[in-house]
Amino acid sequence: MDVFLPRGTRDLLPEQMKNRLRVIEIVRGVFARFGFEPLETPAFERIETLTGKYGDEGDKLIYRILKRGEGSDQGESDLALRYDLTVPLARVMAMHPEIRLPFRRYQIQPVWRADRPQKGRFREFWQCDVDLVGSTSPLADAECVAVVDSCLKTLGFSKYTIRVNDRRILADMARIAGATNPKEETSVLIALDKLDKIGRDKVHAELLGRGFVEANLQAFWDVAELSGDNDAILHALNTVLSESGRQGVEVLRQLLQGAIALGVAPAAIQIDLTLARGLDYYTGPVFETVVDEPKIGSISGGGRYDELIGMFSPTPLPAVGVSLGLERLITVMEELGMLPSAGTATEVLVAQWGADTLPETLDAARRFREAGIRTELFTEPAKLAKQFKHANARGYRWLALVGADEKAAGTISLKDLLRGEQSSLSIADAIAAVQKAGTLDA
RNA sequence: GUGGGUGUAGCUCAAUUGGUUAGAGCGCCGGACUGUGACUCCGGAGGCUGAGGGUUCAAGUCCCUUCAUCCACCCCA
């Protein structure tokens with residue numbers, strides 16, 4: 001039988017899992033250090049929970065689960081795999097009004113999108129998500145930026161940019177370009193988002209093609225091409241935007257100030273007026289993180305969504321959150337050589353010499369394990385050369401052995417495969433020797 | 001959803017314009033070495049050339065379909 005993996009999925013072999021767990025543990029630790037608490041939700045939700053939250057493009061990418069029984073042959077579906085971790089959280093908040101606010105939660109779980117895979121993009125991938133529910137303060141947004149920054153620093157990243165913008169500023173820019181309804185607004189933002197990819201001329205042409213007029217576009221470019229440092233951009237925006245847009249400006253100002261005071265390097269956070277963010281539910285600040293190399297899109301994204309929870313509940317709740325893409329983090333770290341290439345599964349292989357010394361051999365394995373040393377017992381009565389080869393191939397540092405000589409002397413032989421030195425020791429001394437050499441990686 | 005590249009041994013790759021029996025390195029297994037790996041030497045196994053169909057005297061090579069994969073677009077983590 002030929003076996004295949006579904007497109008866009010992968011098996012994570014031990015070699016990959018070890019680095020993956022390492023990254024997850026670091027991120028989880030940072031989340032906890034910022035006071036976020038763990039939450040998990042089911043892999044699938046009722047379909048109406050998910051639809052209508054991500055925009056037209058997003059809805060198409062939701063994985064639907066076929067209905068069982070009647071209706072299955074019509075292709076009806078009433079359940080779907082979760083598309084992100086934000087909407088499930090919003091559902092949880094609506095169902096649990098008893099949760100004390102403000103509430104900080106982190107969630108590290110897989111999500112599914114029926115997308116076409118490419119570099120750094122899968123149909124099943126993990127998000128590391130933090131959200132802060134019940135606060136309208138720009139400090140909450142600043143905390144989200146700061147926690148991402150802290151994760152990246154702790155993981156060892158040095159060159160990255162956190163880009164920030166605000167939905168109200170974007171809406172104003174679309175208005176200036178001549179958009180008079182949400183649909184036109186969206187088309188302006190989609191075109192604007194491509195600016196750094198295809199350049200001003202092509203974006204301009206695209207907007208003209210969509211019916212926007214030269215005079216409005218001139219004013220639009222005056223805003224979109226504002227340059228200078230963050231303060232200069234904010235200052236300039238205040239002179240051209242409406243009341244609503246100026247709210248966004250003020251919030252961004254406080255967000256930047258807060259994030260920097262919380263430890264984000266001023267150079268690492270930049271206002272980017274072309275940052276649009278596709279998800280429908282964002283209402284205020286939006287942010288994403290990019291690295292120059294390798295080219296992989298954003299490694300984190302998020303924003304404020306003050307209306308989303310209200311879609312599930314009569315009492316609306318403001319919220320802001322951000323996600324790190326686990327696979328993208330790992331891809332970047334691999335390509336930048338930030339992860340060890342090989343890890344060691346266990347420290348000691350206990351080899352089998354023969355039936356005569358089997359009890360002593362098993363006892364030695366037990367003693368190593370009780371001492372907290374990762375120990376594999378070789379379960380096959382193979383030739384010693386084969387067992388040594390196995391230990392070597394697996395990257396164990398130590399091989400322990402109880403043969404007839406050792407049994408007679410009441411010792412075990414412990415060989416340091418790294419140095420090639422072997423000695424006959426009491427089990428206690430052998431344990432001490434392994435422990436003294438230090439613990440290798442998970 | 002749209003467009004393009006690539007699929008040959010466990011892995012990395014060869015194989016004239018279509019032409020005999022599809023090769024190499026690494027790995028694996030066995031031996032030199034019946035209590036010792038990582039070095040050396042000798043020997044061996046391993047392939048429906050991703051799958052299915054077609055063209056041809058002849059297909060790893062050309063055509064179609066399909067699956068997987070990579071890249072770009074859309075969108076996104």
Side-chain angles (χ1 to χ4, degrees), chain A residues 1-10 27 54-62 83-86 108-129 148 151 186 189-191 193-194 197-198 202 275-280 282 286-291 294-303 321-332 349 351-354 356-357 361 378 381-407 412-422 424:
Chain A
M1 178 182 167
D2 291 326
V3 288
F4 297 102
L5 219 44
R7 167 177 292 196
T9 66
R10 52 263 113 87
V27 169
Y54 306 112
D56 290 344
E57 286 294 326
D59 277 0
K60 282 184 209 155
L61 301 180
I62 295 173
Y83 179 91
D84 69 359
L85 301 176
T86 304
I108 300 173
Q109 285 191 275
V111 301
W112 294 269
R113 295 182 187 179
D115 211 341
R116 187 137 168 193
Q118 62 184 72
K119 187 181 175 76
R121 172 184 295 183
F122 302 94
R123 288 182 158 182
E124 176 182 68
F125 64 98
W126 284 55
Q127 290 194 328
C128 310
D129 192 287
V148 165
C151 283
T186 305
L189 298 188
I190 287 173
D193 189 47
K194 298 180 195 165
K197 231 177 231 173
I198 65 175
K202 283 185 178 163
L275 171 62
R277 300 261 92 208
L279 302 182
D280 262 13
Y282 291 127
V286 289
F287 20 87
E288 74 173 23
T289 309
V290 292
V291 290
K295 298 240 176 304
I296 197 168
S298 56
I299 55 176
S300 102
V322 66
S323 270
L324 288 147
L326 183 59
E327 282 72 14
R328 288 190 180 175
L329 280 179
I330 291 171
T331 301
V332 172
L349 180 77
Q352 253 194 77
W353 181 80
D356 292 347
T357 61
T361 299
F378 203 85
K383 289 165 63 169
L384 280 183
K386 191 179 176 107
Q387 303 193 53
F388 269 87
K389 259 187 178 171
H390 179 77
N392 204 48
R394 273 286 162 76
Y396 301 145
R397 172 146 185 201
W398 309 95
L399 185 141
L401 177 66
V402 185
D405 297 347
E406 290 83 355
K407 183 178 177 184
I412 72 166
S413 281
L414 182 70
K415 183 159 185 178
D416 181 343
L417 296 173
L418 201 63
R419 298 216 170 93
E421 297 162 0
Q422 180 170 329
S424 183

Across the strands shown, which category fits A:K194 at heavy-atom distances under 4.0 angstrom: base, sugar-phosphate, nothing? sugar-phosphate
For atom C1', what is the distance between B:rG7 and B:rU49, given to the nearest Å? 10 Å
Which part of the nucleic acid does A:D115 contact within heavy-atom distance under 4.0 Å: base, sugar-phosphate only, or nothing? base
Base partner of B:rA38, which must satisfy Watson-Crick or wobble distances under 3.5 Å: none
Base partner of B:rA9, which must satisfy Watson-Crick or wobble distances under 3.5 Å: none
In whole angstroms, how far is the P atom of B:rG1 from the CD1 atom of A:I62? 16 Å
In whole angstroms, the gap separating P of B:rA72 from CD1 of A:I198 amounts to 16 Å
Distance, C1' atom - from B:rA59 to B:rG44, rounded to whole angstrom: 31 Å
What interatomic distance, in whole Å, is found between P of B:rU56 and the corresponding atom of B:rG47? 32 Å
What is the nucleic acid contact for A:G302, judged by heavy atoms within less than 4.0 Å: base, sugar-phosphate only, or nothing? nothing
Any strand counts, and the cut-off is 3.5 Å on both contacts for Watson-Crick or G-U wobble. Which nucleotide pairs with B:rC73? B:rG1
Please give, in whole Å, the distance from B:rG1 C1' to A:D59 CG? 15 Å
From CG (A:L417) to CH2 (A:W398), nearest 0.5 Å: 9.0 Å
In whole angstroms, how far is the C1' atom of B:rA68 from the CZ atom of A:R116? 12 Å
Roughly, in whole Å, what's the span from CD in A:Q127 to P in B:rA77? 6 Å
Report yes if some heavy atom in the side chain of A:V322 is under 4.5 Å from a heavy atom in the side chain of A:T289; otherwise report no. no
B:rU16 to B:rC63 separation - C1' atoms, rounded to the nearest Å: 22 Å
Only one of A:D280, A:D84, A:D59, A:T86 forms a side chain to side chain donor-acceptor pair (under 3.5 Å) with A:Y54, so which one is it? A:D84
Pick the nucleotide of RNA chain B nearest each of A:K119 and A:I299; which residue has the one closer to the 5' end? A:K119
Using purine N1 to pyrimidine N3 plus N6-O4 or O6-N4 for Watson-Crick, or N1-O2 and O6-N3 for G-U wobble, both under 3.5 Å, which nucleotide pairs with B:rG43? B:rC29
A:E124 and A:T9: side-chain donor and acceptor closer than 3.5 Å? no
Fit a plane to each ring of A:F378 and A:H390, take the angle between them on a 0 to 90° scale, and name the class: parallel (under 30°), tilted (30 to 60°) or perpendicular (over 60°). perpendicular
Rounded to the nearest 0.5 Å, what's the gap from CG on A:L399 to CZ on A:F388? Could you check? 4.5 Å
If only side-chain N and O atoms of A:Q118 are considered, is one of them under 4.0 Å from the OP1 or OP2 phosphate oxygen of B:rA72? yes
Under 3.5 Å on both distances, the Watson-Crick or G-U partner of B:rC62: B:rG54
A:F122 CZ - B:rA68 P separation (whole Å): 15 Å
Under 4.0 angstrom, heavy atoms only, what part of the nucleic acid is A:L5 near: base, sugar-phosphate, or nothing? sugar-phosphate
B:rG60 and B:rA77, which share atom name C1', separated by this distance in whole Å: 40 Å
Separation between the P atoms of B:rG50 and B:rU8, rounded to whole Å: 6 Å
So A:R328 and A:S300, do their side chains get closer than 4.5 Å, heavy atoms only? no
Judged by nearest nucleotide, the residue sitting upstream toward the 5' end of RNA chain B, A:A114 or A:R121, is A:A114
Per-nucleotide protein contact string for nucleotides 28-38 of chain B (B base, S sugar-phosphate only, - none; heavy atom under 4.0 Å): -S-S---BBBS
For A:T357, the option from A:E406, A:Q352, A:K407 that meets side-chain contact (heavy atoms from CB on, under 4.5 Å): A:K407
Taking the same atom, P, in B:rC26 and in B:rA22, what whole-Å distance lies between them? 22 Å
Counting distance alone, no hydrogens or angles: does the base of B:rC76 have a donor or acceptor under 3.5 Å from a partner atom on the side chain of A:R328? yes
Any side-chain N or O of A:R7 less than 4.0 Å from the OP1 or OP2 oxygen of B:rA68? yes
In whole angstrom, give me the gap between the P atoms of B:rU61 and B:rG18. 11 Å
Euclidean distance, atom NZ of residue A:K202 to atom P of B:rC73 [Å, nearest integer]: 12 Å
Would you say the side-chain atoms of A:R113 pair up with the backbone N or O of A:Y83, donor to acceptor, closer than 3.5 Å? yes
Indicate yes or no: at least one non-hydrogen side-chain atom of A:R419 is less than 4.5 angstrom from one of A:R397. yes
Base, sugar-phosphate or nothing for A:G58? Non-hydrogen atoms, less than 4.0 Å. nothing
CG of A:L275 versus P of B:rC75: gap in Å, rounded? 13 Å
